[in-house]
Amino acid sequence: MGIIVQKFGGSSVATPENMRAVAKRIVKCKDDGNRVVVVVSAPGDETDELIDLAHKITDAPDEREMDVLLATGEQKSIALMAIALKSLGCDAISFTGPQVGIVTDDVHGKARIVKIGGEKIIKALNLDKVVIVAGFQGMDEDEDITTLGRGGSDLTAVAIASALSAKVCELYKDVDGILTTNPKVVPEARLIKNISYEEMLEMASAGAQVVNARSIEYAQRYDVPVRVRPTFNEGLGTMISMEAKEMEKLFVSGVTYSKDEAKVTVYGVPDKPGNAGAIFRTIADENINVDMIVQDVSEDGITNISFTVGTAELKKSLSAVEKVKSRLGVKNIMIDEGIAKVSVIGVGMRSHAGVAAMMFEALAERGINVEMISTSEIKISVVIDKAKTEDAVRSLHKKFNLDKV
Ligand code: ASP
Ligand code: MG
């Protein structure tokens with residue numbers, strides 16, 4: 001009998017009614033002849049609420065203890081889901097991440113999985129139980145509780161699916177699947193039925209919040225088939241796998257945006273070897289991911305370097321750069337939180353020229369100024385004024401005919 005991993009997100013387990021509906025769905029999957037492992041997130045906005053709570057005590061809560069706190073959200077869900085299943089006469093057992101041997105590094109708040117021991121899960125499956133595992137959490141080598149970063153339950157599900165060689169990892173969400181853009185901004189957004197890991201990864205890192213980016217990276221590395229499906233209807237959602245032929249006909253498969261980034265500009269950097277290295281080393285040492293980087297043309301041996309980071313890491317980035325400021329002879333450091341990143345993504349870009357030109361034209365037609373640009377083989381991202389985000393997304397969705405296909 002094949003194993004299916006089903007992951008249910010926060011809204012799927014937000015209320016007792018939703019829990020019962022989800023439990024019925026799980027029972028059906030088992031009755032269809034599958035061995036089922038369920039991964040759940042914390043109910044509703046519980047994780048946000050726990051974070052707020054800690055921040056009411058202090059601005060900078062201890063990172064180890066934050067993980068102990070946040071892990072309680074998922075622990076609540078696993079117990080309630082097991083209770084719901086048992087009430088339907090379906091034998092089930094709940095486990096925390098540490099209990100099933102999800103071992104991570106010790107970077108609290110965004111730990112990486114290093115090992116998964118699946119024995120406990122297999123043992124319970126062999127006893128015909130549905131196994132419910134808490135998403136988002138693991139433990140480091142000191143047996144300290146860690147968490148995998150926001151949205152990390154997707155990663156738990158994919159990693160377990162990989163460890164158990166599951167047939168498929170189904171990520172149940174409160175949306176129909178992966179759409180060409182956010183339907184709240186563009187009501188004409190369409191469902192994408194098949195998408196490659198590569199494109200999905202670019203979309204997720206460019207701001208599509210439906211799936212966690214690291215989970216897709218993991219799925220790609222271990223070739224785990226992932227299906228994003230709606231919790232509350234029978235839709236088939238979006239299949240994410242190695243190849244998605246249907247997409248290649250299009251220039252662009254989707255438009256995404258992120259308002260969670262801020263720009264840091266380091267003014268007056270002496271333009272000599274080693275200075276950029278020193279700036280980004282001090283940031284990397286704080287475990288901060290930098291997204292876009294732009295260096296101006298230098299004048300009189302002096303240049304400016306701008307980069308973007310997640311707004312949550314802005315403070316840390318600033319103090320990191322402050323540390324090397326006087327040593328490098330930097331003049332000034334400025335931040336801009338009023339920016340957004342808008343991206344177009346598509347494997348079709350490999351074989352079609354002119355996507356960048358079309359993108360900039362569409363933005364220019366709306367009077368939107370481009371502040372920074374970055375490209376990959378299948379993605380073009382621009383930084384623009386945050387207030388123009390929706391306007392930009394709508395015009396790009398239209399420009400690339402994503403409403404029509
Ligand atoms: N509860 C965690 C979060 O809100 C993990 C997850 O939902 O996947 O980020
Ligand atoms: Mg530790």
* Under 3.5 Å, side chain of Arg64 to main-chain N/O of His108, donor-acceptor pair present? -> no
* Flag yes if more than 12 heavy atoms outside Arg221 fall under 6.0 Å of its CZ atom; otherwise flag no. => yes
* **Distance, nearest 0.5 Å, that separates CD1 of Ile51 from CE of Met66** => 5.0 Å
* Take atom CD in Gln209; do more than 12 heavy atoms of anything else shown fall under 6.0 Å from it? -> no
* To do: Could you tell me whether the side chain of Asn304 and the main chain of Gly268 form a donor-acceptor pair under 3.5 Å?
  => yes
* Side chain Lys173, main chain Phe8, donor-acceptor under 3.5 Å -> no
* Separation between CE of Met19 and CG of Leu85, rounded to the nearest 0.5 Å -> 10.5 Å
* **From CG (Asn34) to CG (Leu125), nearest 0.5 Å** => 11.0 Å
* Asked: Where the side chain of Ser319 meets the backbone of Lys315, is there a donor-acceptor pair that is under 3.5 Å apart?
  -> yes
* Within 6.0 Å of CD in Glu143, more than 12 heavy atoms from elsewhere -> no
* Asked: How many angstroms lie between atom CE of Met349 and atom OG1 of Thr375, to the nearest 0.5 angstrom?
  -> 9.5 Å
* Please assess Asp52 against Lys56 for the test salt bridge (Lys or Arg N to Asp or Glu O under 4.0 Å), listing each intermediate value before the final yes or no. => CA-CA 6 Å; Asp52 286 350; Lys56 280 189 183 135; 6.0 Å; no
* Structure fact -> Of all heavy-atom pairs linking Ala362 and Ser395, the shortest is O-OG, 4.0 Å
* Heavy-atom check, side chain of Val252 versus side chain of Ile345, under 4.5 Å -> no
* Asked: For Asp176 and Pro230, which heavy atoms make the closest approach, and how far apart are they?
  -> O-CD, 3.6 Å
* Can you check whether Ser258 reaches Glu261 side chain to side chain, under 4.5 Å on heavy atoms? -> yes
* **Heavy-atom pair of closest approach, residues Val347 and Ile378** => CA-CG2, 3.7 Å
* Asked: Going through the distances and angles, do Val211 and Val228 end up as a side-chain contact (heavy atoms from CB on, under 4.5 Å)?
  -> CA-CA 8 Å; Val211 271; Val228 177; 3.7 Å; yes
* To do: Give a yes or no on whether the backbone of Thr311 and the side-chain of Asp260 come within a donor-acceptor separation of less than 3.5 Å.
  => no
* To do: Decide if atom NZ of Lys259 counts as having more than 12 heavy atoms of other residues, nucleotides or ligands within a radius under 6.0 Å.
  => yes
* **Nearest-0.5 Å distance that lies between atom OG in Ser317 and atom CD1 in Ile288** => 3.5 Å
* To do: Could you tell me whether a side-chain N or O of Asp62 sits under 3.5 Å from a main-chain N or O of Glu65, the two making a donor and an acceptor?
  => yes
* Side chains of Gln137 and Thr146: do they bring a donor and an acceptor to under 3.5 Å? -> no
* Asked: Do any N or O atoms from the side chain of Ser162 and from the backbone of Val158 form a donor-acceptor pair under 3.5 angstrom?
  -> no
* Please check if any side-chain donor atom of Asp285 sits under 3.5 Å from a side-chain acceptor atom of Thr282, or the reverse. => no
* To do: Can you run down the side-chain hydrogen bond (donor to acceptor under 3.5 Å, both in side chains) pairs that involve residues 1-12, sequence neighbours left out, and say none if there aren't any?
  => Gln6-Glu170, Gln6-Tyr172, Lys7-Asp154, Ser11-Asp174, Ser12-Thr231
* With a cut-off of 6.0 Å (strictly less than), are more than 12 heavy atoms of other residues, nucleotides or ligands near CD of Glu63? -> no
* **Reported OG1-to-CG distance for the pair Thr147 and Asp67, which is rounded to 0.5 angstrom** => 3.5 Å
* Under 4.5 Å between any side-chain heavy atoms of His397 and Val185, yes or no? -> no
* Quick check: are there more than 12 heavy atoms from other residues, nucleotides or ligands sitting under 6.0 Å from CD of Gln295? -> yes
* Would you call Ile339 and Asp385 a side-chain contact if the rule is heavy atoms closer than 4.5 Å? -> no
* Considering only heavy atoms from C-beta outward, does the side chain of Ile305 approach that of Phe280 to under 4.5 Å? -> yes
* Do any N or O atoms from the side chain of Lys399 and from the backbone of Met358 form a donor-acceptor pair under 3.5 angstrom? -> no
* Quick one: do Glu313 and Lys110 make a salt bridge, cutoff under 4.0 Å? -> yes
* Asked: What pair of heavy atoms forms the shortest contact from Gly237 to Leu191, and how long is it?
  -> O-CD2, 4.0 Å
* **Asp391/Arg366 salt bridge by N-O under 4.0 Å criterion** => yes
* To do: Without swapping roles, check the side chain of Thr238 against the backbone of Ile178 for a donor-acceptor pair under 3.5 Å.
  => yes
* Under 4.5 Å between any side-chain heavy atoms of Thr104 and Val114, yes or no? -> no
* Asked: Less than 4.0 Å between a side-chain N and a carboxylate O, is that true for Arg150 and Asp48?
  -> yes
* Can you find a heavy atom in the side chain of Glu371 that is under 4.5 Å from one in the side chain of Asp336? -> yes
* For Lys398, look at atom NZ and say whether over 12 heavy atoms of other residues, nucleotides or ligands are found less than 6.0 Å away. => no
* Under the 3.5 angstrom rule, does the side chain of Asp296 hit a backbone N or O of Ser298 as a donor-acceptor pair? -> no
* Check: Val382 and Met372 side chains under 4.5 Å, non-hydrogen atoms -> no
